[in-house]
Amino acid sequence: MKRIAVLFSGEGGNLQNLIETVHGNTCHIVCALTDNPNANGIIKAKHAGIDVRVLEHRHFKTREAFDQHLVAILQSYCIDLCVMAGFMRIVTPVFTSQLKAINIHPSLLPRFKGAHALERSFYSADPLAGATVHHVTEELDGGAVILQQAFQRDTDESFQSFHKKIRAIEYEILPKAIIGLLNDLK
Ligand code: GRF
């Protein structure tokens, strides 16, 4: 069975969704890695019996040194794919030159790259919103799009309801993208 690692920084909602959708059937999540020792996702991964690794950037002088260590940890798990799901770190070529990685982003890229995409998308006048799974390159949220799903916005929608719709899309397209990519590797 194919092996993936999931990288996260906070809640781990996408991580939990992957545990429920792909873990143990299309692939094994062999490692859940975070840069945040207080991330709630840690509990979710441990509960599922997944190896958790914490790598704090404050222990490294440069982004490259952090990435070097990150790559070494992930390579030690012999992964086929690295999945970033709410991992709040920008990676350098040290990472991208050595690992195949994808990321989930809560907007219709190339709209709203970077931080606070959900809020920026909500407060925009764009008639459509959605989420994107894309390849990770050294350009922040700039890699080729793998899957994207949109919905037509309601003009009087609350932020909470908007967020819920984005979440639902994320939970649908991230597992789909993983299954598709891992199938292509066969
Ligand atoms: C998701 O909306 C993801 O698109 C963004 O960060 C959020 C992570 O949430 N990059 P969670 O940790 O998966 O709950």
Side-chain angles (χ1 to χ4, degrees), residues 4-23 27 29 31-48 50-57 63 67 70 81-91 95-96 99 101-124 126 128-151 153 157-181:
I4 69 168
V6 179
L7 275 47
F8 63 100
S9 297
E11 233 357 89
N14 279 287
L15 168 65
Q16 180 63 40
N17 181 55
L18 294 178
I19 290 169
E20 290 165 19
T21 52
V22 298
H23 183 53
C27 60
I29 303 174
C31 171
L33 185 145
T34 184
D35 58 331
N36 174 10
N38 301 313
N40 277 335
I42 293 175
I43 301 158
K44 295 176 171 119
K46 283 192 174 158
H47 194 250
I50 296 165
D51 243 23
V52 173
R53 304 294 294 262
V54 179
L55 191 62
E56 285 184 80
H57 55 84
R63 283 189 184 281
D67 281 2
L70 177 59
L81 181 67
C82 172
V83 177
M84 296 188 180
F87 187 57
M88 307 305 281
R89 295 276 312 165
I90 297 169
V91 289
F95 181 95
T96 52
L99 286 170
I102 63 172
N103 180 47
I104 178 86
H105 189 77
S107 75
L108 294 173
L109 289 172
R111 296 289 287 151
F112 313 115
K113 291 180 180 180
H116 311 299
L118 190 68
E119 289 78 6
R120 288 190 287 140
S121 166
F122 178 74
Y123 289 110
S124 78
D126 290 5
L128 294 178
T132 307
V133 181
H134 65 93
H135 289 286
V136 174
T137 63
E138 42 268 42
E139 191 203 330
L140 178 64
D141 300 322
V145 170
I146 299 165
L147 269 181
Q148 194 163 59
Q149 197 172 301
F151 65 91
R153 297 180 59 190
E157 185 159 47
S158 69
F159 180 73
Q160 203 187 16
S161 143
F162 178 82
H163 189 183
K164 223 169 143 184
K165 286 183 186 168
I166 301 277
R167 270 288 142 146
I169 291 177
E170 290 189 346
Y171 289 0
E172 194 178 324
I173 65 174
L174 187 56
K176 229 187 233 175
I178 293 170
I179 293 166
L181 285 173

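First listed ligand is number 1; within each ligand, the first listed atom is number 1.
- Below 30°, between 30° and 60°, or above 60°: for Tyr123 and Phe159 the angle between ring planes is below 30°, a parallel geometry.
- For the pair Arg53 (side chain) and Cys31 (backbone), a donor-acceptor distance under 3.5 Å is absent.
- With values rounded to the nearest 0.5 angstrom, Asp35 atom CG is found 5.5 Å from His57 atom NE2.
- Here His23 contributes atom NE2 and Ile50 contributes atom CD1; the two are 4.0 Å apart, rounded to the nearest 0.5 Å.
- The residues lining ligand 1, counting any heavy atom closer than 4.0 Å, are Glu11, Gly12, Gly13, Asn14, Gly86, Ile104, His105, Pro106, Arg167, Glu170.
- The backbone N or O of Tyr171 lies less than 3.5 Å from a partner atom in the side chain of Asn17, making a donor-acceptor pair.
- When only modelled atom types and interatomic distance are considered, Asn36 and Ser9 share no side-chain donor-acceptor pair under 3.5 Å.
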